[in-house]
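The next block holds one structure in the form of structure tokens; read it before the comments.
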There are 2 protein chains.
Amino acid sequence: MARVAKQPTPLPTSDLDARKAAILEAVVAEHIDTAQPVGSTSVAHRDEVHVSSATIRSEMVALERDGYLMQPHTSAGRVPTDKGYRYFVDHLSSGVLGPTQQHEVSDFFTSVRGEMEDILEQTSGLLSNLTSLTSVVVGPSHARASIRTVQLVDLSPRRVLVVAVLSDGSIEKRTLELDTEVSALDVVEASSQLDALLLGTTLEQRLEVPSRDTSIATLVREAVSALHTSTPTADGDQVFIGGSSKVAGSFDQVETVRKVLGILEQGLVVVSLLQDIMNRGLSVAIGSEHGFAPLSSCAVIVAPVLVENESTGAIALLGPTRMNYPEAMAAAEVVSRQLTKRLSSASKDDRG
Amino acid sequence: MARVAKQPTPLPTSDLDARKAAILEAVVAEHIDTAQPVGSTSVAHRDEVHVSSATIRSEMVALERDGYLMQPHTSAGRVPTDKGYRYFVDHLSSGVLGPTQQHEVSDFFTSVRGEMEDILEQTSGLLSNLTSLTSVVVGPSHARASIRTVQLVDLSPRRVLVVAVLSDGSIEKRTLELDTEVSALDVVEASSQLDALLLGTTLEQRLEVPSRDTSIATLVREAVSALHTSTPTADGDQVFIGGSSKVAGSFDQVETVRKVLGILEQGLVVVSLLQDIMNRGLSVAIGSEHGFAPLSSCAVIVAPVLVENESTGAIALLGPTRMNYPEAMAAAEVVSRQLTKRLSSASKDDRG
DNA sequence: GTTGGCACTCATTAGAATCGAGTGCTAACG
DNA sequence: CGTTAGCACTCGATTCTAATGAGTGCCAAC
């Protein structure tokens, strides 16, 4: 009972002796390179271990028995299982970005300009370029940001635009379609009432609006309720997907490509998948680990994007389970750090 | 030597006799259905023509000689060439949407709510659903819209947000990163100066800004220049792409899928392609017609979206050259009309 | 415990035979 | 003269078989 409280059985599934680990590493690395089942001799020719192929073979049957490897069919090489990749990721891989790529990242972050949305979108492209994987960037949520200013703009006698500027620099807008015409003066008056009313609140806060019946009061009420209604599409979150064409380079079954793309099209599904992975404290979800069947041949790498030490956004990489984990994880890690830095410096002294 | 003058002659390439046309139609229709080369007997069994397969064969050699059909190899059926599709589109296809789809469209447009961007994005999804093709929706340009309001919002002592509301309800924002701190009062003052200065102008108009050296004047100057700088990403145009997963369903070569997706990722390329097609007065560009080699196995259907009788936006469908033209063209046509109607009713009485 | 040797497995490849969809040609027919 | 039935022919696709060889598991020897 000392430290042998695993499952019901005390099999030391989480630790392999050094040689098994080395062999597993070799198999995974080789398979990532070649996308082919790898045999005992190819492992012997690498320099992770220096034993004969026969020895490797006998170790491999052990690794297969314990669920780290599998054979597509008798007399084929071995392929890592999800569990095998998991061990590789947890114990073995320690990737650093190549110097070229390091440069690419720092060049990017020193030169990128413009609004947050643009930066996030371009970051997504950067990640995808670095790794040849599809990337997902979820922008920081605006839920916490408070309202700095609200303004009404009359576009036409019956159409009024509500524009709210939040403390994080983002903007929410809603168009009101009115039943009756309003005068420009009423709009101005309602606008300043609104501004006073909402200043400092967040979009999530519900608040009591005096329900008088003047046209100005009606206008104010409608504007408030419109602002508090989230838009039908993205739930306030901004999702940027980069390099979806990379999906087609990752799988050779066109049907798999179609499925994965179909999922990527549903932004909300992707966001909640990432949320789920992060909630479970993972940074990598391999194959069946994320419990999302249509993506069972994919692995997802997630890294949080912190603002004021809270994780509000995320960057993710999506690719086949046989992706280059060290490289991809390193890329995600460094980009996440840089992006966090960028966003923090932008928000560190906001006037809430 | 009587009528044996083929090439440099006034051959009536643009008109086929009725039977040839019927046969061509049958071949195209069948090939759209089956994606296979179609033989003389399958044509004979359809009811476009009622002649024997032998007759059809001899007509087919003529159609092939004239470039409407081609054989992948001897002893295979015929496949339409781009020219064949072109004839089909110009002379033969006359599609109407099925009643179910008509309903889907009108339901959509009666129930869709929200901001322009959301509507455009959802329209893109609708089109893609209707046709099983990838759709591109290019939002109306804001170039013509005049400024209704400009406001400065101080986010932090050194960061000021410029928010411009345009007459079409769209918003442009720029963040200014200042070298020196500015007071909240200065921001307010600059804001009202800006508003007065820019009201009624468009983003394209360059205007003289008095270059005094007060901190307020500097702020105003920077704000104006920021607004006049277009964002690095989309050139003011908004592009919405829907159903990119449909690409994977349209081609069975994964490499083709990758190429097409790669192009779709470059929004600007797509937009200029659509522009080019429309400039040439086409509504359909088939295969090599659009002169864009990477998409030579694709056809593009474009329909303008009019605002105040000017074409400022566009909707497009992209698919394999063997797409269902009648259906796709009908869908593009009706959605374009509905969208135009929607946008016109929204802007018809804007206060410029 | 490690290794070389060896028999065995089985997907993949190559080649040969066959099939058959579809053609082009020709002769007969109305 | 246009249309059609008949027929020989072509050639990709399919099927089958045999050969290949990468890779394994086992065992005996080191």
Side-chain angles (χ1 to χ4, degrees), chain A residues 16-24 26-31 33-81 84 252-253 322, chain B residues 2-4 6 16-24 26-31 33-81 84 252-253 322:
Chain A
L16 300 173
D17 65 68
R19 195 169 65 184
K20 282 199 183 61
I23 292 176
L24 179 56
V27 171
V28 173
E30 183 82 8
H31 184 251
D33 264 17
T34 64
Q36 298 288 327
V38 1
S40 53
T41 41
S42 357
V43 173
H45 289 159
R46 297 177 61 100
D47 42 4
E48 276 89 349
V49 288
H50 294 103
V51 288
S52 77
S53 65
T55 311
I56 292 174
R57 275 200 291 282
S58 70
E59 294 285 52
M60 274 171 150
V61 313
L63 284 169
E64 182 166 10
R65 168 177 37 76
D66 292 348
Y68 295 96
L69 296 178
M70 57 158 291
Q71 274 182 298
H73 51 84
T74 346
S75 92
R78 255 75 172 207
V79 164
T81 60
D252 37 43
Q253 301 260 14
R322 42 160 284 273
Chain B
R3 44 188 280 269
V4 198
K6 275 291 97 117
L16 299 173
D17 65 68
R19 195 169 65 186
K20 283 198 181 63
I23 291 175
L24 178 56
V27 172
V28 172
E30 184 82 10
H31 183 252
D33 264 18
T34 65
Q36 299 288 329
V38 4
S40 52
T41 42
S42 359
V43 174
H45 288 158
R46 296 177 61 99
D47 42 4
E48 276 91 348
V49 288
H50 295 103
V51 288
S52 76
S53 65
T55 310
I56 292 175
R57 275 200 291 282
S58 69
E59 293 286 54
M60 275 171 149
V61 312
L63 284 168
E64 181 166 13
R65 167 175 40 75
D66 292 348
Y68 295 96
L69 296 178
M70 57 159 291
Q71 274 181 299
H73 51 83
T74 346
S75 95
R78 259 58 175 221
V79 163
T81 60
D252 36 43
Q253 302 260 13
R322 43 160 282 273

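Reminder, nothing fancy here: chain letters follow the sequence lines and each chain counts from 1.
- With hydrogens and angles disregarded, a donor-acceptor distance shorter than 3.5 Å links the side chain of B:D17 to the backbone of B:R19.
- Between B:H45 atom NE2 and C:dA21 atom C1' the separation is 13 Å, expressed in whole Å.
- Taking only side-chain nitrogens and oxygens, B:R19 comes nearer than 4.0 Å to OP1 or OP2 of D:dT3.
- Counting any heavy atom pair closer than 4.0 Å across all strands shown, A:A76 reaches sugar-phosphate atoms only and no base atom.
- Look at CD1 on A:I23: it is 15 Å from C1' on D:dG23, rounded to the nearest Å.
- Contact check, A:S40 against D:dT24: a side-chain N or O comes under 4.0 Å of OP1 or OP2.
- When all heavy atoms of A:G77 and A:P72 are compared, the pair lying nearest together is O-CD, 3.3 Å.
- Within the structure, every side-chain polar atom (N or O) of A:S75 is placed at least 4.0 Å from both OP1 and OP2 of C:dC10.
- If you measure from atom NE2 of B:H50 to atom P of D:dT4, you get 12 Å, rounded to the nearest angstrom.
- Residue A:E30 contributes atom CD, which lies 10 Å from atom P of D:dG23 at whole-angstrom precision.
- Across all strands, B:T55 comes closer than 4.0 Å to base atoms (heavy-atom distances).
- If you measure from atom CZ of A:R57 to atom C1' of D:dC27, you get 12 Å, rounded to the nearest angstrom.
- With C:dG5, C:dT23, D:dT4 as the candidates, the nucleotide lying closest to the side chain of B:V51 is D:dT4.
- Atoms CD (A:E64) and P (D:dG23) sit 15 Å apart, rounded to a whole Å.
- The separation between B:L69 atom CG and C:dT23 atom C1' is 14 Å, rounded to whole Å.
- Residues B:H73 and B:E59 both approach DNA chain D. Their nearest nucleotides, taken by heavy-atom distance, put B:E59 toward the 5′ side.
- Taking atom NE2 of residue B:H31 and atom P of nucleotide C:dG22, one finds them 13 Å apart after rounding to whole Å.
- Between the side chains of B:S58 and B:T55, no donor N or O sits under 3.5 Å from an acceptor N or O.
- Judged by distance alone, the side chain of A:T81 and the main-chain N or O of A:G67 form a donor-acceptor pair under 3.5 Å.
- Mapping B:T74 and B:A54 onto DNA chain D by nearest heavy atom places B:A54 at the nucleotide closer to the 5' end.
- With D:dT4, C:dT23, C:dG4 as the choices, the nucleotide that has an atom nearest any side-chain atom of B:Q71 turns out to be C:dT23.
- The phosphate of D:dG25 has OP1 or OP2 within less than 4.0 Å of a side-chain N or O from A:R78.
- A donor-acceptor pair under 3.5 Å links the side-chain atoms of B:T34 to the main chain of B:E30, judged by distance alone.
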